[in-house]
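Hydrogens, waters and symmetry mates are skipped; everything else that's a heavy atom, side chains included, is used.
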Amino acid sequence: MIINKISAVLGNKLIKISDLSKGTGISRTTITNLYYRKSDSITFKNLDKLCSYLGCTVNDLLEFQEEERP
């Protein structure tokens, strides 16, 4: 399972969704959906923009966790 940590990163850096949208060129709707974990996917292009703007790596934004098997 992939864990989306974008909201935590923005919170730690005190960055608003609107500022991130203006700084990256990613639509506010896309960022809002990522922030509230309503999106199932993200393009490499947007992931690259987020990492560049936030000064972080993909590992800071996304985390892989093994799912429990019965």
Side-chain angles (χ1 to χ4, degrees):
M1 173 188 330
I2 303 295
I3 306 299
N4 172 348
K5 302 187 297 185
I6 292 172
S7 60
V9 172
L10 292 182
N12 289 337
K13 294 181 177 271
L14 301 175
I15 296 175
K16 296 178 184 178
I17 290 173
S18 58
D19 293 336
L20 184 60
S21 177
K22 290 176 188 173
T24 61
I26 301 170
S27 77
R28 183 182 173 92
T29 302
T30 297
I31 293 172
T32 299
N33 286 338
L34 290 168
Y35 185 90
Y36 289 106
R37 298 180 180 137
K38 294 180 181 180
S39 181
D40 291 348
S41 64
I42 183 170
T43 65
F44 286 126
K45 183 178 178 180
N46 284 345
L47 197 52
D48 182 58
K49 288 178 182 182
L50 290 172
C51 288
S52 294
Y53 183 85
L54 297 169
C56 66
T57 67
V58 174
N59 288 337
D60 296 322
L61 301 178
L62 303 172
E63 178 183 334
F64 174 75
Q65 272 186 358
E66 292 270 348
E67 290 190 41
E68 298 275 331
R69 295 188 184 187

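- Hydrophobic clustering (side-chain heavy atoms under 4.5 Å, transitive across Ile, Leu, Val, Met, Phe, Trp, Tyr) keeps I3 apart from L47.
- Interatomic distance, CD1 of I31 versus OG1 of T24, reported as 4.0 Å (0.5 Å rounding).
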Only distances under 3.5 Å count here; give the side-chain donor-acceptor pairs of residues 12-20 to other protein atoms, sequence neighbours excluded, each with its distance to 0.1 Å.
| unit_1 | atom_1 | unit_2 | atom_2 | d |
| --- | --- | --- | --- | --- |
| N12 | ND2 | A8 | O | 3.3 |
| K13 | NZ | L54 | O | 3.0 |

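- With rounding to the nearest 0.5 angstrom, the CD atom of Q65 is 6.5 Å from the CE atom of M1.
- With sequence neighbours left out, the side-chain hydrogen bond (donor to acceptor under 3.5 Å, both in side chains) criterion links S7 to no other residue.
- Under the 4.5 Å side-chain criterion, counting only non-hydrogen atoms from C-beta, I42 is not in contact with N4.
- Residues S21 and S27 come closest through the heavy atom pair OG-C, 3.8 Å.
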Distance-only donor-acceptor hits, side chain of residues 56-63, under 3.5 Å, sequence neighbours excluded:
| unit_1 | atom_1 | unit_2 | atom_2 | d |
| --- | --- | --- | --- | --- |
| T57 | OG1 | N59 | N | 3.3 |
| T57 | OG1 | D60 | N | 3.4 |
| T57 | OG1 | D60 | OD2 | 3.3 |
| D60 | OD2 | T57 | N | 2.9 |

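- Linking Ile, Leu, Val, Met, Phe, Trp and Tyr whenever their side-chain heavy atoms come within less than 4.5 Å puts F64 and V9 in one cluster.
- For the atom pair OG of S41 and CD1 of I2, the computed distance is 12.5 Å after rounding to the nearest 0.5 Å.
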